[in-house]
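Below: one structure, written as structure tokens.
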Amino acid sequence: MKKLVLVRRMSQAFFLILFVYILWSTTYPLKGIFPPETFFKKDPLLVIAASISERAALPGIGFSVAMLLLTLVFGRFFCGWICPLGSMIDLCGSGTKERRFKWRNVKLYALAAIFISAFLGVQAAWVLDPIGLAARFISLNLIPGVTVIFDKAMAFLIKALNYQEAMYDFYRGLKSSVLGVNAHYFSHSWAILLFFVLVCASALITKRFWCRYLCPLGGLYFLFSRFSLLKRRVSGCAGCLKCVKGCKMDAIKSDLGDRKGECILCMDCVYECPAHGTRFSFSGPGQKSARDGISRADFIFLAFSSVFLAGWRSPKEHGARVIRPPGAHNEKDLLNKCVRCGNCMKVCPTNGLQPEILESGLRGLWTPHLVPEIGYCEYNCNLCGDVCPTGAIPRLSVAEKQGTPIGLARIDRSVCVAWAQDKQCIVCEEHCPVPQKAIKVYREEVNGLTVFRPYVDASLCVGCGICQNKCPTRPSRAIKVTP
Amino acid sequence: MSDSIFEKFSEKKMSRGEFIKWCGVGLGGMIIGGSFLKLASAEEGISGGRPGNKMKGLHDLVVAKGDDPYAITTKAIEGMGGMGRFVKKGGVVLIKPNIGWDRAPEQAANTNPFVVGALVDMCFRSGARRVNVFDITCNDAKRCYEASGIARVAKEKGASVYFADNWNFVKANFNYESPMQGWLIYRDAIECDTFINVPVLKTHGLTGLTLSMKNLMGVCGGMRGIMHSNIGEKLAHLTDFIKPDLTVIDAYRYLKANGPSGGDLKDVVDMKTLVVGTDPVLADAYACKLVDRDPLTVSYIKEAVRQGIGSADFSAADILNA
């Protein structure tokens with residue numbers, strides 16, 4: 001019977017490794033075996049909430065509906081066997097003592113709030129969605145962190161070995177295959193790390209604290225697994241209550257009855273039962289079960305509070321205050337469709353796409369925006385749209401993308417060395433990727449020196465920001481892109 | 001199962017001594033980690049530049065024309081007396097093409113990949129132990145290496161193609177006054193037995209044309225934009241510092257407008273020409289003539305001639321038309 005627990009653990013390890021692998025391979029030239037949106041497309045909370053708030057079914061919504069149908073048959077297998085956040089929480093809480101709280105409805109409140117605000121036109125699933133939460137941590141904290149440490153260690157080792165050729169070539173090989181040329185940096189990534197650490201550390205209060213009480217995706221699967229066909233059946237019970245005490249979801253009541261919808265099929269109770277009397281099957285007498293869930297009064301209270309929540313910043317159309325990725329002009333669409341998974345920022349080759357902190361208000365938290373002083377939008381690249389799981393950044397061909405301006409460059413003539421100091425420069429013109437050059441120059445002879453003074457042709461500028469990125473004036477750049 | 005750290009604190013299981021011990025472990029870890037980081041990002045070494053081999057070919061310049069970039073490269077080098085004159089047996093060769101832009105070979109913003117391929121082949125045939133190929137690019141390095149075709153062709157021929165590391169620079173030290181004093185130069189550009197500079201001929205807003213001397217900016221680190229002010233003197237000194245042994249100017253395609261990045265095929269002219277020389281200034285001057293430009297209007301050529309780093313007078317030079 002221990003086999004089942006072992007199989008479950010192997011499944012968890014497999015999906016966690018797969019999850020990390022997919023995110024790791026979300027980088028130019030996108031040669032991963034699985035598409036980067038694999039996990040997000042199968043997350044019904046994200047997909048359905050975004051579909052409702054956008055009033056349009058997202059492509060690939062069938063996968064998440066299939067997940068719900070599978071839950072109707074098998075129960076919350078996702079939480080116990082697949083969820084990468086759940087696996088990390090299991091690792092954190094492996095030694096925690098069992099404590100019980102009466103907060104299990106909180107996840108349903110969160111779920112109801114998400115769906116009510118979705119109906120009101122605001123997608124809030126990203127706030128607590130476990131897949132996005134785990135993906136952000138892995139893409140924007142873990143992978144850059146591991147890369148930096150590995151890079152530094154190798155640099156140290158190679159220097160210490162006096163640039164030993166074989167060692168150095170090995171490192172160069174890693175750099176051009178798995179490591180990437182430069183370690184990426186993400187501004188305010190501490191906030192992402194903090195949120196993730198708090199969620200994982202909650203497993204130190206009691207095992208699977210987050211999954212039991214807070215996770216809205218768990219809440220959604222809870223609703224569906226109440227009717228699941230695969231059920232725990234007990235025969236020949238000796239009354240030791242080991243299963244009750246050991247259940248990491250607190251899903252077994254002390255009279256051995258089910259707390260409906262809470263079981264995540266971890267199989268610990270099957271393994272621990274000394275009488276070998278517990279098994280999971282589709283037929284046979286089930287355990288009596290209690291009804292838990294939200295009362296009508298709770299629901300009405302929630303509906304009202306959600307109206308308030310959704311209305312605190314009206315989702316009317318307004319221009320972006322930050323530079324959005326190519327094609328994501330409509331701010332309302334972006335905020336509704338974006339699930340803050342971090343894929344676009346992970347894949348951006350120049351590291352220019354950065355997570356917002358509060359640049360366009362709380363509703364824009366962790367949405368992508370271009371910061372040209374960190375990295376510019378590469379002219380021939382359209383990867384951010386390719387990896388976006390919800391179409392918040394549209395999938396554009398390279399030609400379409402090149403014809404989609406994301407901002408406009410402006411020159412500050414009081415800072416520009418060619419205008420203010422009659423010096424030679426035009427680094428901006430040199431780098432401008434538009435074939436006909438969106439930055440043009442006036443030639444002027446000053447004291448025998450030809451000075452080239454740049455100006456922007458607004459009809460050609462795509463707002464890629466390479467001019468601002470390469471502009472050598474400090475502390476303030478002489479050319480800046482605005483949305 | 002063991003208790004977690006949370007349990008230790010919450011159940012007050014940790015004694016004062018234990019607490020102090022853990023603090024000590026943490027502090028020690030930080031000190032070790034910190035000193036390791038400091039070592040890993042230690043100061044760059046100082047270099048006085050390449051001594052230069054003063055190797056000569058059979059002619060001052062060889063100009064080859066033909067339909068196949070690989071064939072004309074072979075022909076031009078043979079005209080110079082063969083690669084064996086420039087490559088030592090068991091030596092390390094650096095080939096420095098222009099891989100600056102995320103552009104395809106037809107767009108003529110980067111060096112033709114088959115010119116590079118031919119050079120790699122000839123170096124190995126002349127007994128080179130290792131041929132390095134790299135450039136510090138303007139666009140994203142991975143995209144440039146792939147789009148240019150250079151990484152693929154050079155790797156096929158057995159060259160070591162790699163990306164520059166931001167920790168492997170040396171500081172330039174000149175024995176005369178120079179605006180390039182202290183500039184960061186990639187170590188491999190200094191520590192090679194033969195330096196082959198392989199620029200592509202194209203227009204450039206500031207300097208008019210980018211040629212071999214301008215191509216050397218690709219081994220520089222730091223904020224390269226600053227080099228644009230007083231660029232003539234800076235590039236002349238940089239050329240003197242690197243002392244390229246062989247200059248191969250790829251004029252197979254010529255980007256006649258909107259350089260150095262280009263992008264529009266209408267701006268590309270087929271010239272099917274290659275210029276090879278040992279004097280970078282002379283080769284650059286000849287390339288100017290190819291596109292009907294007075295070499296002395298190009299600031300870095302003018303400055304290099306003034307400082308005696310090379311000659312722009314190809315009327316007196318021995319030129320072979322292969």
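In what follows, chains carry the letters A, B, and so on, assigned in the order in which the sequence lines appear, proteins first and then strands, with residues in each chain numbered from 1.
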> Of the non-hydrogen atoms in B/Ser299 and B/Thr207, which two are nearest, and what is the gap between them?
Replying inline: OG-CG2, 4.2 Å

> Between A/Asp90 and A/Lys248, is the closest basic N to carboxylate O distance under 4.0 Å?
Replying inline: yes

>> On a heavy-atom basis, which atom in B/Val268 and which in B/Ala108 lie closest, and how many Å separate them?
In response: CG1-CB, 3.9 Å

> Quick one: do A/Lys207 and A/Asp268 make a salt bridge, cutoff under 4.0 Å?
Replying inline: no

> Mind checking which of residues 171-180 of chain A sit less than 4.5 Å from chain B, heavy atom to heavy atom?
Replying inline: A/Tyr171, A/Arg172, A/Lys175, A/Ser176, A/Ser177, A/Gly180

> Non-hydrogen atoms of chain A under 4.5 Å away: do they reach the side chain of B/Asn168, the backbone, both or neither?
Replying inline: side chain

> Looking just at side-chain N and O atoms, do B/Asp267 and B/Gln107 make a donor-acceptor pair shorter than 3.5 Å?
Replying inline: no

> So, A/Glu429 and A/Lys437, do they make that salt bridge, N to O below 4.0 Å?
Replying inline: no

> Can you list every pair that meets ring pair (Phe, Tyr, Trp, His ring centres under 6.0 Å) and has a residue in residues 206-232 of chain B, with sequence neighbours left out?
Replying inline: B/His204-B/His228

>> Only pairs of heavy atoms separated by less than 4.5 Å count here; which of A/Gly375, A/Gly93, A/Ala160, A/Cys381 has the most with chain B?
In response: A/Cys381

>> Minimum heavy-atom separation for A/Pro454 and A/Ala418, please, with both atom names.
In response: CD-CB, 3.8 Å

> For the side-chain contact (heavy atoms from CB on, under 4.5 Å) test, which of B/Leu209, B/Thr111, B/Val269, B/Thr210 pairs with B/Leu201?
Replying inline: B/Leu209

> Given a strict heavy-atom distance threshold of 4.5 Å, which part of A/Asn469 is in contact with chain B: side chain, backbone, both, or neither?
Replying inline: neither

> Which bit of B/Ala151 is near chain A, if near means a heavy-atom gap under 4.5 Å: side chain, backbone, both or neither?
Replying inline: neither

> What part of A/Ile466 lies closer than 4.5 angstrom to a heavy atom of chain B: side chain, backbone, both or neither?
Replying inline: side chain

> Using a cut-off of under 4.5 Å for heavy-atom pairs, which of A/Lys423, A/His431, A/Lys470 has the most such pairs with chain B?
Replying inline: A/His431

>> Is A/Cys432 in contact with chain B via its backbone, its side chain, both, or neither, using a 4.5 Å heavy-atom distance?
In response: backbone

> For chain A, which residues from residues 138-149 of chain B have at least one heavy atom closer than 4.5 Å to it?
Replying inline: B/Cys138, B/Asn139, B/Asp140, B/Ala141, B/Lys142, B/Arg143, B/Glu146

> How would you list, by chain and number, every residue that makes a side chain to side chain contact (heavy atoms under 4.5 Å, CB included) with A/Glu373, sequence neighbours excluded?
Replying inline: A/Gln468, A/Arg477, A/Lys480

> Picking from A/Val181, A/Val441, A/Ile158, which has the most non-hydrogen pairs under 4.5 angstrom with chain B?
Replying inline: A/Val181

> What part of A/Arg474 lies closer than 4.5 angstrom to a heavy atom of chain B: side chain, backbone, both or neither?
Replying inline: side chain

> Closest approach of A/Val446 and A/Arg453, non-hydrogen atoms and distance?
Replying inline: CG2-NH2, 4.1 Å

>> Please rank B/Asp264, B/Val161, B/Asn230 by heavy-atom pairs under 4.5 Å with chain A and give me the top one.
In response: B/Asp264

>> Assess, by modelled atom type and distance only, whether the side chains of A/Tyr163 and A/Glu165 contain a donor and an acceptor separated by less than 3.5 Å.
In response: no

>> Counting the benzene-type ring for Trp, do B/Phe134 and B/Tyr186 have ring centres under 6.0 Å apart?
In response: yes

>> Under 4.5 Å from any heavy atom of chain A, what part of B/Asn132 do you find: side chain, backbone, both or neither?
In response: neither

> With a 3.5 Å cut-off and no angle check, do the side chains of A/Gln424 and B/Ser229 form a donor-acceptor pair?
Replying inline: no

> Donor-acceptor pair, B/Thr203 side chain versus B/Gly259 backbone, under 3.5 Å?
Replying inline: yes

